[in-house]
Structures are given as structure tokens and as C-alpha cells.
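Presented below is the structure to which this report refers.
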Amino acid sequence: MEFSEIYKRVFEINPSLKDKIENERKDFCVINFHEYLTLGFDDDYIDINHGFTHAHLDGADNKLFFDIIQGNMVFVQDTRKFSIKMFSLLQPWNLKIMSKQKFETKKASLMKKKYLRIYTANEILKRNEK
């Protein structure tokens, strides 16, 4: 899918995102959803939280990207200092992205953990309680 088609579809799905554009170029756009989620994208790449992690789009099938925009994907972030330090050395294992259906099955145990931050593109479900 071309960048212009993706860009147009994003605002068809959620027109209020036009107010949240942080950076816009001809072939790249950054949307600041809220204080915990910033999403940059072009025609084949998604940048989550300014390089914290990323995904590659599958050409015609950009389901993951549009699921994030619609709020169908849940981000679970471990905010313990140990996790953050380890992230700088290893892979971003302290950020998990899952579907809302999977989150609903794990919701009770995840919401109990004080060190987790849980959010979607549309809302912050739980702030960490440090």
C-alpha cells in the first residue's frame, strides 16, 4: 500500500488523529496518541515510541497497523528500573503488544501488577503505581 493510501485510511478510521500529528512529511508521519504512545509510520514501517520498538508492514496487508490505530491492540509495558536497564542492553522485552481478546483473558493478573503500564491507542487502562 502506498503511503498516501495508508495516511488517508488512518484518518478515515479515526478523524480525530489529525489533531495529534506531531511530525508530517511527504512519506512519513508521527502521531502522538497520548503520553505513553507515539506512532511513526511510512508505507512499510511502524516506529513505536520513537524507536523503542518497531514493526515492518506486510505490503497490502497492514492489519497490525490498523488494529493499533483502532485501539484493538493493547500495550503492556514493564516500568521497573531493572527492566529498563536490561532493555538498553537487550531486545525490548519489557513491551508486549497483544490483541484485546488475549488481554481480556489475562486482564485480572496484569491489572494487579503495580509495575505495569497498560494502554491502547485510544486510552490508558492502567498507569504504573510506583
Side-chain angles (χ1 to χ4, degrees):
M1 205 182 253
E2 294 289 322
F3 175 76
S4 59
E5 294 172 33
I6 295 171
Y7 185 83
K8 188 164 56 169
R9 179 126 186 256
V10 165
F11 297 112
E12 286 173 2
I13 292 171
N14 191 345
S16 68
L17 293 179
K18 283 204 185 268
D19 300 334
K20 298 180 178 190
I21 294 176
E22 193 175 279
N23 180 13
E24 180 182 5
R25 295 190 316 244
K26 184 179 176 184
D27 60 349
F28 189 77
C29 183
V30 177
I31 301 173
N32 187 14
F33 288 92
H34 48 71
E35 63 193 276
Y36 301 129
L37 182 61
T38 302
L39 191 72
F41 65 93
D42 64 15
D43 59 345
D44 66 346
Y45 182 80
I46 306 170
D47 175 66
I48 300 171
N49 292 340
H50 298 291
F52 186 73
T53 192
H54 71 281
H56 294 276
L57 300 176
D58 299 343
D61 181 25
N62 298 327
K63 185 171 175 12
L64 170 69
F65 176 68
F66 293 119
D67 280 346
I68 291 172
I69 299 293
Q70 291 171 327
N72 295 334
M73 300 304 282
V74 178
F75 296 82
V76 179
Q77 185 177 2
D78 186 337
T79 59
R80 293 178 287 190
K81 287 182 182 179
F82 175 76
S83 295
I84 294 168
K85 286 180 182 177
M86 287 303 292
F87 162 70
S88 64
L89 299 173
L90 303 171
Q91 299 286 340
W93 56 270
N94 63 331
L95 178 68
K96 295 184 179 12
I97 304 172
M98 64 182 76
S99 67
K100 272 200 170 182
Q101 294 82 13
K102 186 170 183 176
F103 173 72
E104 288 301 324
T105 62
K106 297 181 172 199
K107 184 175 183 176
S109 66
L110 292 173
M111 295 301 272
K112 290 178 193 175
K113 297 179 180 177
K114 293 183 179 184
Y115 57 87
L116 293 181
R117 182 181 294 152
I118 304 171
Y119 51 91
T120 68
N122 301 329
E123 64 183 325
I124 299 171
L125 302 170
K126 180 181 177 296
R127 297 174 188 273
N128 58 326
E129 301 168 6
K130 286 185 176 182

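- Take Phe75 and apply the ring-ring contact (aromatic ring centres under 6.0 Å, His included) test, not counting sequence neighbours, and it matches Tyr119.
- No side-chain heavy atom of Asp67 sits under 4.5 Å from any side-chain heavy atom of Ser99.
- When hydrophobic clusters are built by joining Ile, Leu, Val, Met, Phe, Trp and Tyr residues whose side-chain heavy atoms come closer than 4.5 Å, directly or via intermediates, Phe65 is grouped together with Ile97.
- Looking at residues two or more places apart in sequence or on another chain, you find a side-chain hydrogen bond (donor to acceptor under 3.5 Å, both in side chains) between Asn32 and Thr38.
- Classification of Arg117 and Glu35 as a salt-bridged pair fails, no side-chain N sitting under 4.0 Å from a carboxylate O.
- When the side-chain hydrogen bond (donor to acceptor under 3.5 Å, both in side chains) test is applied to Glu2, no partner is found at least two apart in sequence or on another chain.
- The CD1 atom of Ile48 sits 6.5 Å away from the CG atom of Leu95 when rounded to the nearest 0.5 Å.
- Remark: Phe28 engages no residue in a ring-ring contact (aromatic ring centres under 6.0 Å, His included) (not counting sequence neighbours).
- Every residue was checked against the side-chain hydrogen bond (donor to acceptor under 3.5 Å, both in side chains) condition with Thr120, not counting sequence neighbours, and none meets it.
- Between atom NZ of residue Lys112 and atom NZ of residue Lys107 there is a gap of 13.5 Å, rounded to the nearest 0.5 Å.
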Carefully, step by step, assess Phe41 and Ile6 under the rule side chain to side chain contact (heavy atoms under 4.5 Å, CB included). CA-CA 9 Å; Phe41 65 93; Ile6 295 171; 3.9 Å; yes
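- Annotation: the span from Glu123 atom CD to Leu125 atom CG amounts to 4.5 Å, rounded to 0.5 Å.
- Remark: Glu22 pairs with His50 by the side-chain hydrogen bond (donor to acceptor under 3.5 Å, both in side chains) rule, at least two apart or across chains.
- Across every non-hydrogen atom of Met73 and Leu64, the tightest pair is CE-CD1, 3.8 Å.
- Annotation for Asp43 and Phe3: closest pair CB-N, 3.6 Å, computed over non-hydrogen atoms.
- In the displayed structure, Lys20 atom NZ is contacted under 6.0 Å by more than 12 heavy atoms of other residues, nucleotides or ligands.
- Interatomic distance, CG of Leu116 versus NZ of Lys113, reported as 6.0 Å (0.5 Å rounding).
- We find the NZ-CE distance between Lys106 and Met98 to be 5.0 Å, quoted to the nearest 0.5 Å.
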Going through the distances and angles, do Ile118 and Phe103 end up as a side chain to side chain contact (heavy atoms under 4.5 Å, CB included)? CA-CA 10 Å; Ile118 304 171; Phe103 173 72; 3.7 Å; yes
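- Between Asn122 atom CG and Ile68 atom CD1 the span is 11.5 Å, to the nearest 0.5 Å.
- Grouping the Ile, Leu, Val, Met, Phe, Trp and Tyr side chains by contacts below 4.5 angstrom, directly or via other members, places Leu37 with Ile124.
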Chi angles and distances behind the side chain to side chain contact (heavy atoms under 4.5 Å, CB included) call for Leu39, Ile69: CA-CA 9 Å; Leu39 191 72; Ile69 299 293; 3.7 Å; yes
In a table with atom names and distances, give each donor-acceptor pair under 3.5 Å that connects a side chain of residues 10-17 to protein atoms at least two apart or in another chain.
residue, atom, partner, partner atom, Å
Asn14, OD1, Ser16, N, 3.3
Asn14, OD1, Ser16, OG, 2.6

